[in-house]
Structures are given as structure tokens and as C-alpha cells.
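Notes for the one structure printed next.
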Amino acid sequence: MLKKLRIKFIVLNMATVAVVLTVVFAAICVVNHRQSVATVDGALNQAIAQASEHQGRQMGKEAFGEGEPESGNGQAAPDGVAAPPTIGGRERSGEQVIPVALFSMSLDGDMTALSRFNTASISQDVLEQAGEQLVGADEGFGSLSDLGLFYMKRQAGGVMYLAFADMGSASGWRALAATLAVVEIAALAVFLVISLFFSRWALRPVARAWTQQRRFVADASHDLKTPLTVILANTSIALEHPERSVASQSQWLESTQHEAEAMQGLVGDLLTLAKIDEEEAAAQSGAARPALEEVDLSDVIEGEVLQFESVAFERGVKLGSQVEPGIKLRGNEQRLRRLAGTLIDNACKYVDDGGAVDVALSRAGKQAKLEVRNTGAPISPEDLPHVFDRFYRADKARTGGVGGHGLGLAIARAIAEEHGGALTASSTQAEGIAFTATLPLK
């Protein structure tokens with residue numbers, strides 16, 4: 001399941017990145033193409049404007065008898081006339097070179113080359129086809145895709161001009177697209193390697209939760225199966241002798257009641273954990289937390305210590321307490337009692353014979369600090385990180401006994417975290433086992 005989830009994670013990431021890069025690079029190519037077309041449009045307009053300006057100057061000179069005749073091919077006379085002016089086909093200050101072929105068009109469609117302004121040439125058959133298509137066309141910029149030409153048709157100074165440029169002048173986007181395609185492939189390859197690495201890192205919590213869930217189901221099934229087996233066995237024995245009185249069957253009935261009560265406690269613990277988890281999930285999604293009340297934590301701890309004095313006495317354990325008065329916070333009093341009771345009960349269960357349990361409550365800055373310490377054999381280093389795991393017991397036994405169901409400390413930690421605090425454990429040979437809960441004060 002996790003392998004499939006990892007593959008989906010990688011595929012989704014790669015698809016998302018590929019789509020984003022493709023859209024961005026395509027947009028870059030479109031913008032580049034439009035800019036190239038706009039550059040061609042400007043070059044054609046510039047060529048027509050220069051031709052019209054030159055035509056106006058020539059007409060002015062002829063009016064005053066100063067005009068110089070041009071040769072039949074449109075080139076200026078050889079006697080000292082300046083070179084053709086710069087038009088779109090010449091490079092200026094790093095601008096793109098756009099070769100332009102410029103013609104004047106008569107009313108019947110005949111075109112005459114204005115060689116003085118031409119930086120490109122067009123074959124006669126292509127020119128004839130272009131003239132046929134443009135003789136009745138509206139003025140403006142356009143393209144003749146079948147001939148591979150951009151054109152500009154415009155009337156200026158009483159003359160209809162036609163300027164042409166090769167469509168290849170605006171094809172720079174193709175090379176750009178090829179470059180960006182290579183960049184995209186390289187970027188996807190790098191991102192694939194990154195995704196492979198991060199997919200392992202991102203799915204570690206999922207893998208851990210999946211493992212914990214499987215262990216949780218297995219442990220819960222085991223702890224529920226044992227009392228159910230005993231109950232069914234007791235019931236079967238009682239049914240085998242229906243003639244016997246209830247008093248004679250009391251052994252089996254008492255055993256059934258004991259197992260049913262144990263199973264009821266387990267189910268209650270599971271429901272408590274489920275409710276805490278549900279409230280935490282709802283709070284993280286933005287829902288309001290259950291209303292909290294002002295709780296005198298000092299009274300809560302003193303009350304729980306009194307409750308366990310008889311238990312400690314029966315087990316031969318010395319139970320001591322140091323509770324600072326007047327420590328108050330906002331919280332759920334019932335659950336805070338469950339937190340304190342769980343820690344004290346756990347300490348009394350696992351203390352050594354004739355040992356001691358010490359309960360201390362004090363202020364530590366803006367937090368209340370509850371420490372429950374007992375003497376006895378320390379928890380092994382390999383077990384210490386797991387003492388708050390659900391159904392975890394260091395002895396790995398499933399016999400009920402003092403080991404319980406392994407849910408008490410998990411519930412205690414959940415209650416501490418629900419109140420914005422934390423619960424930690426420490427264990428040394430010299431100081432014994434200590435559980436410390438820190439909770440924010442009011």
C-alpha cells in the first residue's frame with residue numbers, strides 16, 4: 001500500500017511540475033513570437049514611412065527643378081548621391097535585422113520595386129501570386145502563409161505601398177522552444193531525483209502511522225479476544241449443568257463478570273482515546289475546542305493522592321506528596337484527574353517492594369509541573385521511547401496482571417497534549433522512574 005502511495009505521490013508531483021513548466025515555457029514562446037511579429041510590423045512600417053518621406057522630398061525638388069533622375073531599376077544616379085537610408089533591414093543598436101522588400105502598387109495591381117529601399121528580393125512568380133492576393137485586400141499588416149511572407153499594405157503620399165518580409169524573421173521562437181524543451185527535460189530529471197528522495201521522507205509519518213495502526217488493531221484484538229474466550233468458556237461450563245444452582249456456578253459467573261469488567265475498561269479507554277483524537281482533529285481543522293473551565297490543579301492532585309493512599313498501604317508502598325497550593329489553569333477537570341490518577345497508579349504498580357512513590361506539583365515559570373517518581377528497576381533504554389505507545393508494555397506480556405492493557409500512559413500523554421502541555425519519562429538506576437507533565441497555567 002505504501003509503495004503504491006509513494007508512486008502516486010511521485011507521479012502527481014512530476015505531472016504538476018511538467019504542466020507548470022510547459023505552461024510557463026509555452027507562454028514565453030508565445031510572447032517571444034508576438035514580439036518578433038511586432039518587430040517585423042515595425043520594420044515594414046518604417047520602410048514605407050522612409051519611402052513616403054523620400055517620395056515627398058523628390059516631389060518637392062522636382063517642383064523647384066532640383067530633382068535628380070533615378071535609373072530604371074530604382075537605384076540613384078551615380079554622381080555623388082548618398083547611399084540608401086537605413087531601413088528595417090539594417091541593424092541599429094543591437095536590434096534584430098529584418099530584410100524588407102518594398103514595392104509600389106498601381107490601381108490595376110502592377111507592382112514596381114523601390115530598389116533604393118530594398119534589403120531583400122522576391123522571385124517574380126512569388127511576387128505575382130502575392131499581387132493577385134493583395135490587389136483587393138484591405139490596408140494593414142498581415143501574412144501570406146502559403147508564400148511564407150509577412151506584408152504591410154499602406155497608402156502614403158498618394159502612393160499605395162507594399163512591403164514584404166520573410167516569415168522566418170519571426171521564427172526565433174522555434175529555437176527558443178527547442179532550448180526550453182531541453183531545459184524542461186533536464187529540470188524534470190532533477191526533480192524526479194528530488195521527488196524520489198523527498199517521497200521517502202514525506203511518507204515516513206504515514207509509514208509509522210500505518211505500522212502503529214496495524215499493531216493497534218492486532219493488540220486490541222488480542223486484548224479483546226482473551227476476555228471473550230474466558231466468558232464463552234465460563235458460559236459453556238455453566239450451560240453444561242443447567243440443573244445446578246446459581247450459587248454452585250458462582251465461580252464461573254464471577255470469572256465472567258471480572259472479564260466483562262476488564263473488557264468494559266478496555267473499550268472505555270479506546271473510546272477516550274478516540275474522543276481525544278477526534279477533538280484534536282476538529283481543532284486542527286478550525287472547529288472550536290470544547291469549553292474549558294477553571295481548574296484548581298492543586299486540589300485535583302491532592303484528591304488523587306488521597307485516593308491512592310489505601311492502595312499504596314496495601315502494597316506496602318510509601319506514598320508522599322509535595323503540592324504547592326493555588327495552582328490553577330483552564331482545562332477539563334475530569335481528564336486532568338485521569339492524568340494524575342494514571343501516573344500515580346502506574347507508579348504504585350511498578351514500584352519495588354517496600355519502595356516509595358513521590359508526587360510533586362509546583363510552578364515552573366508560566367507552567368505547572370507535575371512529577372510522579374517511584375523507586376525500582378529502571379525502564380530499559382530500548383523500551384523508554386515507547387512507553388507512551390498504545391498497547392505497549394515493556395514486559396510484552398498479555399496476561400492482564402499489573403501490566404494492564406498498555407493504554408493508560410497513552411491516554412495520559414494525549415490529555416497533557418490536549419491541554420497544550422507535554423508528558424515525558426525518564427529512568428535511571430539511581431533515581432528510579434519519573435514521569436513529568438508540564439501544563440500551561442491560566
Side-chain angles (χ1 to χ4, degrees), residues 205-206 208-213 215-217 219-220 223 264-305 307-308 323-324 326-347 359-373 384-393 404-426 433-442:
V206 179
R208 184 167 55 252
W210 176 250
T211 301
Q212 291 176 347
Q213 179 184 359
R215 187 174 66 231
F216 176 84
V217 173
D219 291 341
D223 281 8
Q264 184 183 36
L266 173 59
V267 173
D269 288 344
L270 291 175
L271 290 175
T272 299
L273 281 172
K275 187 173 182 180
I276 294 175
D277 290 343
E278 182 180 359
E279 291 175 357
E280 182 64 25
Q284 290 179 357
S285 64
R289 287 183 178 272
L292 301 178
E293 58 185 348
E294 183 178 273
V295 179
D296 191 324
L297 189 60
S298 300
D299 288 345
V300 170
I301 302 304
E302 288 178 348
E304 289 302 308
V305 171
Q307 291 289 335
F308 280 92
V323 179
E324 184 177 337
I327 297 180
K328 298 180 180 181
L329 50 77
R330 296 194 65 82
N332 184 308
E333 182 175 351
Q334 182 180 0
R335 290 185 179 175
L336 289 173
R337 287 189 182 277
R338 177 69 182 271
L339 166 63
T342 297
L343 296 181
I344 298 172
D345 180 55
N346 188 74
V359 180
L361 176 66
S362 60
R363 287 184 174 87
K366 295 183 179 180
Q367 292 182 322
K369 179 181 178 182
L370 171 63
E371 184 178 61
V372 180
R373 183 182 299 274
L384 190 60
H386 303 287
V387 294
F388 297 111
D389 292 351
R390 299 175 184 184
F391 289 105
Y392 188 87
R393 281 163 291 190
H405 297 291
L407 291 176
L409 291 177
I411 294 175
R413 183 179 64 173
I415 293 174
E417 293 176 349
E418 177 191 27
H419 286 77
L423 179 61
T424 60
S426 62
I433 304 170
F435 288 90
T436 304
T438 54
L439 302 169
L441 293 174
K442 177 183 176 182

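In this text, all values refer to a predicted model and were calculated from it rather than measured experimentally.
In this structure, the separation between NZ on K369 and CD1 on I327 is 11.5 Å, given to the nearest 0.5 Å. Rounding to the nearest 0.5 Å gives a distance of 11.0 Å between CG of L439 and CD of E418. Interatomic distance, N332 CG to L339 CG, rounded to the nearest 0.5 Å: 11.5 Å. From R363, atom CZ reaches atom CG of L361 across 8.5 Å, with rounding to the nearest 0.5 Å.
Shortest non-hydrogen contact noted between E304 and G341 is OE1-CA, 3.5 Å. Counting all heavy atoms, side chain and backbone alike, E371 lies closest to A434 at OE2-CB, 4.4 Å. The two atoms that bring A414 and I276 nearest to each other are CB-CG2, 3.8 Å, heavy atoms only. Across every non-hydrogen atom of V295 and G331, the tightest pair is CG2-O, 3.6 Å. Here the closest heavy-atom approach between residue A368 and residue L441 is recorded as CB-CD2, 3.6 Å.
Results of the side chain to side chain contact (heavy atoms under 4.5 Å, CB included) test with R337 over Q334, R335, E333 single out E333 as the only residue that passes. Here the rule is side chain to side chain contact (heavy atoms under 4.5 Å, CB included) with L423, and of L370, L343, T436 only L343 fits it.
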Could you walk me through whether F435 and L409 pass side-chain contact (heavy atoms from CB on, under 4.5 Å), step by step?
-> CA-CA 10 Å; F435 288 90; L409 291 177; 3.8 Å; yes
In sequence, state the C-alpha distance, the side-chain angles, and the governing distance for L329 and L336, and then conclude on side-chain contact (heavy atoms from CB on, under 4.5 Å).
-> CA-CA 11 Å; L329 50 77; L336 289 173; 3.5 Å; yes
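For E278, the CD atom counts as loosely surrounded, since its 6.0 Å shell holds 12 or fewer non-hydrogen atoms of other residues, nucleotides or ligands.
A search for salt bridge (charged side-chain N to carboxylate O under 4.0 Å, His left out) contacts involving R338 returns D269, not counting sequence neighbours.
Counting only heavy atoms from C-beta outward, the side chains of V372 and N346 never approach each other to under 4.5 Å. No side-chain heavy atom of T342 sits less than 4.5 Å from a side-chain heavy atom of I411.
Counting only distance, with no hydrogens or angles, the side chain of S298 and the backbone of E324 share a donor-acceptor pair below 3.5 Å.
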